[in-house]
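I have placed the structure first, in the form of structure tokens, so that the comments after it can refer back to it.
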There are 2 protein chains.
Amino acid sequence: MSGDRQKPGNGAKKKAHQVVTSADVAREAGVSRSTVSRCMADDERISEATRKRVQETAAQLGYHVNKIASSMNRRKSDLIGLVTSGLTDPFRIEFLDCLISQIQQSGYRPLVIDVSDPDQMGISMLNLLQYQVAGVVVTSGSPSPEVGTHYLKRNVPVVLVNRAGRLEGADVINCDNVHGGELAADMLLKSGKKRLGFLNVRGGTYSGNVRGEAFVSRIAPRLADGEISFTSLVCDSADYDGGFHAGLKYLAGGENTPDAIFCAKDHIALGLMDAARFELGLTVPGDLAVIGFDDIAAARQGAYQLTTVRQRADQLAEMTVERLRRRIGGDDLGDERLVLPVEFIRRQTV
Amino acid sequence: MSGDRQKPGNGAKKKAHQVVTSADVAREAGVSRSTVSRCMADDERISEATRKRVQETAAQLGYHVNKIASSMNRRKSDLIGLVTSGLTDPFRIEFLDCLISQIQQSGYRPLVIDVSDPDQMGISMLNLLQYQVAGVVVTSGSPSPEVGTHYLKRNVPVVLVNRAGRLEGADVINCDNVHGGELAADMLLKSGKKRLGFLNVRGGTYSGNVRGEAFVSRIAPRLADGEISFTSLVCDSADYDGGFHAGLKYLAGGENTPDAIFCAKDHIALGLMDAARFELGLTVPGDLAVIGFDDIAAARQGAYQLTTVRQRADQLAEMTVERLRRRIGGDDLGDERLVLPVEFIRRQTV
DNA sequence: CCTGATTGTGCACACGTGTGCATTCAACGA
DNA sequence: TCGTTGAATGCACACGTGTGCACAATCAGG
């Protein structure tokens, strides 16, 4: 028989139930292994007849291309690394949901990697490289410039989503945090509330900081006039509990208690609202106006009806994979910084 | 020089910036490639001195084992397939969160695969096999017996979580749906409510059906006495919106309107509550008692304070990976059906 | 000094695929 | 009939690793 480098004895049978390989298909269809490979890849140079015949025998034998071997040969897998930290942030979850769906639709597979421990970031991203990933999406943490150069050298595209970093050779996609902060400011100024506040997690996140700064500079004129006051509020965690405890702390009463709070993200706003309404007996928006950011699913629920700034997770995901695909396809784009438009959503909390 | 099967010419340099391989480390450290491989795997038979030396040169050159090549050679990767359908169900998200974290801690990597389209289930699971996955966790859909045998033949363990199927060679882990349904029934019987209902998604899910059936058989005696009545309620989707619309439909008023509803899952219960409270002006638990199932994070929030049956996502994940690890390790366990205990959580909705 | 055991390393093969290049074969024009 | 062309397919190599087996070296016991 033909075939390359066959075993010394006779390669007829080895184990009882071995996995079916391209060589098996080749033997069965009476062609060479190369032809099988080309048929599975829909190579142009294969005649229609043999292609059909080979694909049929392949299906009959239950042959599937071994992705690992393929990846090894081509030095590129169809995996896309998803760097995230836990599945707790609602908006990130919505984004990942869209992202996973779109990645899969593009013929890739998401390989999730958790960097809840920020120290692991560097080695985790390097480790990802060992899976021959076709690309990486970072939704948490900031890769160091060093890992950036590693990716650049290997020509593996990286997209940072809603992150600060400017990484060499990587795309950065953010929603329009500045405009969002301004929209929130405009709304609260119009509402007639006087004691404004901005609630963010202690230490701040990049997105939160930008939103807060835009908010503050927008209200600055009125602040200078003395018409209104502003307080910067801080919570311990960027989630429901953080917002809840912040509510207990800041809304207990007193002269300077804010009557309108812009929250860095919806999830915090929900906790804040619940503390105000169910623990302190305040009404929303009567005693306290609240604006969030993201427009997560829970913000639409009847129990909250949160007025907020919407960033669309599906569009964010779309931009991300579109960018990845083009870079994987070989388009040699320079680093770019893309901005997703936001939209003000008026509900019941202002 | 030594080395096996080196290139015809002189394999000194090929491309400008090639990726560093074990051969490079071997050359640099003055040992054979085999020794490098053994050093990276912490093989016992390597002397302490050379191991240290090799590992140092490896670190210095920035060498990392190529997982793809390794997987190919060992015909087993360190990937674990996670079969799910979208990131929309809150409890499943919490479970996946724990699962991903634990999988990673065990030295594996999660490969996510979305089967929102149930028709894709079969080929997706077969496709997964081509990545040489070490194991698979199914949290959505029901794999056919046929794919089951493929996995069995390849000796790749499968764990079904909160699913109906009894798959040959696979473990099935469920929370104690029966006991949960009974706990809910006991609670509502004690509450003094008379017109009981069970709300599940149209067509039903395995878990939901079991919970409902246990609920019904528990209340059966009192039902026979005529002391209470029971209605089976149906919503169009197993989420917040489904519960919400079901609330509008069933709670609009009339003689038979239920005054106590056991929901197949928390997420539905939240929508139901909001429809009752904010659309129909009912009070909870005054006009309507509600019990959920799962104890998702939102159930604990002030806006809901949902009385529910808790299944612990972290323990579920723990059982899952423990089971996977033992099977991957070679333990030859028969198919098993494990049950996770549940716990009644009393809050404000009954 | 000889024998056997133990320890540390190297050699060569195998894993399953993609692809550049050579080769075969039929068709076709002169 | 011969040379040329184009299409279709096979050959052989390479990808980077793990590991069984063989072999060298060291050592203990007689």
Side-chain angles (χ1 to χ4, degrees), chain A residues 1-9 11 14-15 18-27 29-54 58 63-78 129-132 154, chain B residues 1-9 11 14-15 18-27 29-54 58 63-78 129-132 154:
Chain A
M1 246 168 243
S2 64
D4 47 338
R5 194 189 301 158
Q6 56 185 17
K7 299 169 200 71
K14 282 188 53 183
K15 281 283 183 65
Q18 201 70 3
V19 135
V20 40
T21 160
S22 69
D24 300 329
V25 180
R27 193 184 317 120
V31 296
S32 81
R33 210 177 44 67
S34 321
T35 303
V36 175
S37 171
R38 294 196 240 264
C39 286
M40 302 309 285
D42 278 330
D43 192 307
E44 292 297 334
R45 307 178 308 173
I46 295 294
S47 75
E48 194 60 37
T50 55
R51 171 178 357 201
K52 191 166 185 180
R53 178 164 48 94
V54 168
Y63 168 71
H64 297 233
V65 174
N66 184 326
K67 300 260 188 187
I68 294 290
S70 172
S71 302
M72 154 120 137
N73 187 356
R74 306 191 338 203
R75 286 183 291 292
K76 187 74 71 188
S77 75
D78 54 1
L129 229 29
Q130 298 312 123
Y131 290 92
Q132 316 274 50
R154 298 267 296 254
Chain B
M1 220 150 278
S2 65
D4 49 335
R5 193 191 300 160
Q6 56 187 17
K7 300 168 198 74
K14 281 190 56 183
K15 280 283 183 66
Q18 201 70 4
V19 135
V20 40
T21 160
S22 69
D24 300 328
V25 179
R27 192 184 318 121
V31 297
S32 81
R33 212 177 44 69
S34 322
T35 303
V36 175
S37 170
R38 292 196 242 264
C39 286
M40 301 310 285
D42 279 330
D43 193 308
E44 292 295 334
R45 306 177 308 173
I46 296 293
S47 75
E48 194 61 36
T50 56
R51 170 176 359 198
K52 192 167 183 180
R53 180 164 48 94
V54 169
Y63 169 71
H64 297 235
V65 174
N66 184 326
K67 301 259 189 187
I68 295 289
S70 170
S71 302
M72 154 121 138
N73 187 358
R74 307 191 336 203
R75 286 186 290 291
K76 186 74 72 187
S77 75
D78 54 1
L129 228 29
Q130 298 311 122
Y131 290 92
Q132 316 275 50
R154 296 268 295 256

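Below, read A as the first sequence line, B as the second, and so on, with proteins coming before strands; counting in each chain starts at 1. Note that the structure is a prediction, hence the values are computed from the model and not measured. Below, each value reflects all heavy atoms present in this structure, side chains not excepted, and no hydrogens, waters or symmetry copies.
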Just jot down the side-chain contact (heavy atoms from CB on, under 4.5 Å) partners of [X], sequence neighbours excluded, or say none.
{"X": "A/D78", "result": "A/K67, A/Y108, B/Y131"}
{"X": "B/S37", "result": "none"}
{"X": "B/T35", "result": "B/V31, B/S32, B/C39, B/I46"}

Can you measure from CG (A/N66) to OG (A/S71) and round to the nearest 0.5 angstrom?
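Separation between the atoms: 8.5 Å.
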If I take atom OG from residue B/S70 and atom CD from residue A/Q130, how far apart are they, to the nearest 0.5 angstrom?
10.5 Å
Between [X] and [N], does any side-chain N or O lie under 4.0 Å from OP1 or OP2?
{"X": "A/S22", "N": "C/dT17", "result": "yes"}
{"X": "B/S70", "N": "D/dT17", "result": "no"}
{"X": "B/Y131", "N": "C/dG16", "result": "no"}

Short heteroatom pairs, N/O only, protein and nucleotides 19-21 of chain C, under 3.5 Å:
unit_1 : atom_1 : unit_2 : atom_2 : d
C/dT19 : O4     : A/S34  : OG     : 3.2
C/dG20 : O6     : A/R38  : NH2    : 3.3

Quickly work out the [X] [atom1] to [N] [atom2] distance and round it to whole Å.
{"X": "B/D78", "N": "D/dG18", "atom1": "CG", "atom2": "C1'", "result": "15 Å"}
{"X": "B/K76", "N": "C/dA14", "atom1": "NZ", "atom2": "C1'", "result": "17 Å"}
{"X": "B/Y63", "N": "D/dT17", "atom1": "OH", "atom2": "C1'", "result": "7 Å"}
{"X": "B/N66", "N": "D/dA14", "atom1": "CG", "atom2": "P", "result": "18 Å"}
{"X": "A/L129", "N": "D/dG16", "atom1": "CG", "atom2": "P", "result": "13 Å"}
{"X": "B/Q132", "N": "C/dT17", "atom1": "CD", "atom2": "C1'", "result": "12 Å"}
{"X": "B/I68", "N": "D/dG18", "atom1": "CD1", "atom2": "C1'", "result": "15 Å"}
{"X": "A/K67", "N": "C/dG18", "atom1": "NZ", "atom2": "P", "result": "10 Å"}

For B/K76, give me all partners under salt bridge (charged side-chain N to carboxylate O under 4.0 Å, His left out), at least two apart in sequence or on another chain.
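Salt bridge (charged side-chain N to carboxylate O under 4.0 Å, His left out) check on B/K76 returns nothing, list empty.
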Residues forming a salt bridge (charged side-chain N to carboxylate O under 4.0 Å, His left out) with A/R51, sequence neighbours excluded
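Partners of A/R51 under the salt bridge (charged side-chain N to carboxylate O under 4.0 Å, His left out) test: A/D42, A/E48.
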Going by side-chain hydrogen bond (donor to acceptor under 3.5 Å, both in side chains), name the residues that satisfy it together with B/T50, two or more places apart in sequence or in a different chain.
B/S47
According to side-chain hydrogen bond (donor to acceptor under 3.5 Å, both in side chains), who are the partners of A/R154, at least two apart in sequence or on a separate chain?
A/Q132
Once you apply a heavy-atom cut-off of 4.0 Å, does A/I46 come out as touching a base, just sugar-phosphate, or nothing?
sugar-phosphate
With a 4.0 Å cut-off on heavy atoms, is A/T50 in touch with a base, just the backbone sugar-phosphate, or nothing at all?
sugar-phosphate
Quick one: on DNA chain C, does B/G30 or A/V65 contact a more 5' nucleotide (nearest heavy atom)?
B/G30
Could you check B/R53 against B/M72 and say which one's nearest nucleotide on DNA chain C is further toward the 5' end?
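Upstream on the strand: B/R53.
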Show each protein N/O and nucleotides 23-28 of chain C N/O combination with a separation under 3.5 Å, one pair to a line.
none

The nucleotide from C/dG8, D/dG10, C/dG18 with an atom nearest the side chain of B/S47 is C/dG8
Could you please name the option among D/dG18, D/dC15, C/dG16 that lies closest to any side-chain atom of A/R75?
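Comparing D/dG18, D/dC15, C/dG16 against the side chain of A/R75, the answer is D/dC15.
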Minimum-distance pair of heavy atoms, taken over all atoms of B/R33 and B/S22:
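What the structure gives for the nearest pair is CG-OG, 3.1 Å.
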Looking only at atom types and distance, does a side-chain atom of B/D24 sit under 3.5 Å from a main-chain N or O of B/T21, one as donor and one as acceptor?
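Such a contact is found between B/D24 side chain and B/T21 backbone.
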Treating A/R53 as the side-chain partner and A/A29 as the backbone partner, does any N or O pair qualify as donor plus acceptor under 3.5 Å?
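Looks like yes, one N/O pair under 3.5 Å.
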Would you mind reading off the bend of the helix from C/dC1-D/dG30 to C/dA30-D/dT1 from its two end axes, five pairs each, to 10 degrees?
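The angle, to the nearest 10 degrees, is 50°.
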